[in-house]
Amino acid sequence: MTGVQTCALPISELRTLLDNREVSAQDVLRDVQDRIDAVEEQVKAYVTVTRDEALAMAKKADETLAVQKGSLLTGLPIAVKDNMCTKGVRTTCSSKMLANFIPPYESTVTKKLLDQGYVLTGKTNLDEFAMGSSTENSGFHTSRNPWNLQCVPGGSSGGSAAAVAANECIAALGSDTGGSIRQPAALCGVVGLKPTYGLVSRYGLVAFASSLDQIGPITKNVTDAALLLNMIAGHDPLDSTSVPVDVPDYAPYLGKEIKGLKIGIPKEYFIDGMHPDIDQSVRAAIKQLESLGAIPVEVSLPHTCYAVATYYILATSEASSNLGRYDGVRYGHRAKGKDLIDMYMQTRSEGFGPEVKRRIMLGTYALSAGYYDAYYKKGQQVRTLIKQDFEKAFEQCDVIATPTSPSPAFSIGEKATDPLQMYLSDIFTISVNLAGVPAISLPCGFTSDNLPIGLQIIGKSFDEATVLQTAYAFEQSTSWHTRRASL
Ligand code: GLN
């Protein structure tokens with residue numbers, strides 16, 4: 001087939017082209033790799049481009065497709081955030097600590113993609129150990145926003161979102177601890193979904209804050225998010241926090257009307273200081289949902305003002321414990337050192353970047369004797385209150401609509417020296433992780449500077465179906481998702 005840039009197409013369209021043998025998996029991969037060659041120097045979405053592995057995978061997919069129709073992902077080029085273990089393929093977490101770490105095993109999510117015959121385009125850049133909102137904390141380089149190369153793509157899954165927005169892959173996986181799928185999706189004008197805690201296995205995801213981390217899809221449209229979620233969701237005995245629930249087929253919910261659906265509008269999420277274009281676009285999006293028959297209801301999430309503080313106590317506490325394993329003995333970087341203690345100290349001083357060190361110190365302090373009750377325990381108590389806020393709100397509505405981020409993509413360097421400013425950019429996404437509920441971000445407009453704006457739709461636990469149903473109805477009645485960065 002000629003004349004079609006297959007790298008710009010979503011999964012749903014490529015599946016048909018591949019199954020009808022109008023294109024081969026190798027054709028699609030060639031398009032994607034040509035695109036990587038053309039724009040990656042500017043976008044810097046990847047830490048590792050797996051060129052040869054991808055070609056071998058595409059050839060294998062073509063062999064399958066020669067004799068039968070593919071599974072959903074057979075032959076589809078997908079990028080994976082570099083904090084998910086891929087057997088034999090370097091997995092760095094964008095940290096000097098793991099710069100040469102080659103996992104001896106496969107994460108459950110990538111194993112599922114492998115079983116489907118996907119093609120791994122490469123491992124994408126992130127803030128070191130997923131700690132950040134801009135990829136500026138990467139130990140290697142900062143990724144760029146395809147809509148404006150002077151701006152950040154968001155984070156921590158900024159590489160994945162930028163790769164999808166720049167057509168350097170068809171879709172990607174990200175991870176979300178406090179907003180790391182949704183915020184970069186919003187800033188890059190693509191779709192990102194954080195599933196309910198426990199829906200997707202975390203086995204092989206390098207741990208940041210284990211009670212909050214979830215893996216999810218970053219895609220060009222809502223349909224692809226639903227398809228990819230169906231591929232990675234489900235109980236996994238290798239992850240004790242994965243929940244044995246039946247995962248519904250999400251496809252039938254796409255196209256179901258949303259007439260009568262109650263959309264909660266939390267007053268705490270429309271705040272002073274939010275970018276005016278975001279306020280306006282999200283309000284317009286709510287009107288649009290209303291015109292489709294949804295009923296807006298005002299709800300309150302009264303403990304929202306404590307969410308950032310609570311998150312930065314709990315997430316750093318868990319991180320300080322999880323990152324204890326990087327001691328120069330078991331994984332990754334090892335410094336010389338005069339004796340054992342000195343070796344530990346040198347290894348951790350050299351291997352971790354400044355933000356990771358800051359968080360380890362904050363978390364260690366919050367957990368230490370004498371402070372535990374005042375910080376960690378208190379944080380857990382407030383987390384429960386935040387969770388109860390959502391439970392109460394969901395007695396009055398089916399989904400909740402909010403902005404994804406208070407600001408659009410910001411300039412590189414703008415918030416890098418002010419951690420508090422950076423932490424505040426997660427204000428609308430963090431509570432969702434603390435409560436464990438699912439949420440999607442999808443494009444709902446542009447600022448006057450032509451930067452994408454994201455609408456966040458939050459659902460009840462394990463009710464991804466209604467989240468996707470609402471998102472799809474909005475997407476199909478607007479044209480925001482059809483705009484592409486003119487890179
Ligand atoms: N930006 C938040 C943080 O820095 C969230 C990161 C994430 O979700 N991984 O912790």
Side-chain angles (χ1 to χ4, degrees), residues 80-84 93-95 124-139 142-143 152-161 172-188 192-195 197 200 202 205-218 307-320 322-323 352-363 366 379 383 404-407 409-410 414-416 418-441 454 456:
V80 174
K81 186 177 182 178
D82 207 17
N83 62 350
M84 292 167 221
C93 287
S94 289
S95 177
T124 54
N125 193 31
L126 60 148
D127 290 287
E128 185 176 3
F129 285 102
M131 298 176 187
S133 308
S134 68
T135 73
E136 289 166 294
N137 297 335
S138 165
T142 299
S143 301
V152 302
S156 64
S157 314
S160 285
L173 291 183
S175 69
D176 190 314
T177 305
S180 278
I181 289 175
R182 291 159 287 154
Q183 183 258 18
L187 271 47
C188 290
L193 190 154
K194 184 208 83 86
Y197 185 78
V200 176
R202 294 179 299 109
L205 169 70
V206 179
F208 160 16
S210 308
S211 78
L212 302 158
D213 301 338
Q214 265 293 286
I215 294 170
I218 299 182
V308 172
T310 304
Y311 171 87
Y312 278 96
I313 296 276
L314 298 181
T316 58
S317 297
E318 292 185 27
S320 76
N322 273 326
L323 271 58
F352 291 135
E355 181 62 24
V356 174
K357 287 178 184 160
R358 178 180 298 124
R359 298 211 186 184
I360 292 173
M361 287 189 278
L362 281 169
R383 180 177 187 171
T404 306
S405 162
S407 68
F410 43 90
E414 192 181 321
K415 298 187 184 180
D418 187 344
L420 193 57
Q421 269 308 311
M422 193 70 94
Y423 295 173
L424 286 172
S425 57
D426 306 318
I427 192 154
F428 298 146
T429 49
I430 267 175
S431 300
V432 164
N433 300 74
L434 291 168
V437 294
I440 198 168
S441 176
Q456 176 171 241

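What you see is a predicted model, and the numbers here were worked out from it, not measured in a lab. Here, residue 1 is the first one in the sequence, and each next residue gets the next number. Order of listing sets the numbers, starting from 1, for every ligand and every atom in it.
Using a 4.0 Å cut-off to heavy atoms of Y311, the atoms of ligand 1 that qualify are 2 (C), 3 (C), 5 (C), 6 (C), 10 (O). Of all atoms in ligand 1, numbered sequentially from 1 with element shown, those under 4.0 Å from a heavy atom of M131 are 4 (O). Counting atoms of ligand 1 from 1 in the listed order, those under 4.0 Å from a heavy atom of S156 are 9 (N). The G132 neighbourhood of ligand 1 comprises atoms 1 (N), 2 (C), 3 (C), 4 (O), 6 (C), with distances under 4.0 Å to a heavy atom of that residue. In the vicinity of F208, heavy-atom distances shorter than 4.0 Å reach the ligand 1 atoms 9 (N), 10 (O).
In terms of polar-atom proximity, defined here as any N/O pair under 3.5 Å, G155 makes no such contact with ligand 1. Considering backbone and side-chain atoms together, D176 places no N or O closer than 3.5 Å to any N or O of ligand 1. At least one N or O atom of Y312, backbone or side chain, sits closer than 3.5 Å to an N or O atom of ligand 1. Ligand 1 has a nitrogen or oxygen under 3.5 angstrom from a nitrogen or oxygen of G179. For ligand 1, the polar-atom distance check against G178 finds a nitrogen or oxygen pair separated by under 3.5 Å.
Looking at heavy atoms from C-beta onward, D82 lies in side-chain contact with L126 at the 4.5 angstrom threshold. Counting only heavy atoms from C-beta outward, the side chains of N83 and C93 approach each other to under 4.5 Å. Annotation: side chain of L424 is in contact with side chain of Q421 (closest heavy-atom distance under 4.5 Å).
Using a 4.0 Å cut-off between heavy atoms, E355 makes no contact with ligand 1 at all. At a 4.0 Å heavy-atom cut-off, ligand 1 touches A130 through backbone and side chain alike. In D426, the part holding a heavy atom less than 4.0 Å from any atom of ligand 1 is the side chain.
When all heavy atoms are compared, the tightest approach of F208 to D213 is N-OD2, 3.0 Å. The two atoms that bring F428 and T404 nearest to each other are CB-O, 3.5 Å, heavy atoms only. Taking all atoms of both residues into account, the shortest heavy-atom contact from L434 to L314 is CD2-CD1, 4.2 Å.
Looking only at heavy atoms of the protein, atom 4 (O) of ligand 1 is closest to R359 NH2, 2.7 Å. Of all protein heavy atoms, the one closest to atom 7 (C) of ligand 1 is S180 OG, 2.4 Å.
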Under the side chain to side chain donor-acceptor pair (under 3.5 Å) criterion, do S211 and E318 qualify, and how do the steps go? CA-CA 8 Å; S211 78; E318 292 185 27; 2.5 Å; yes
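Using 4.0 Å as the threshold, A315 has no heavy atom nearer than that to any atom of ligand 1.
Put simply, CD1 on I215 and CE on M84 are 4.5 Å apart, with the number rounded to the nearest 0.5 Å.
Y312 and Y423 have parallel rings, their planes meeting at less than 30° on a 0 to 90° scale where 60° marks the start of perpendicular.
Looking at K81 and S175, their side chains do bring a donor and an acceptor atom within 3.5 Å of each other.
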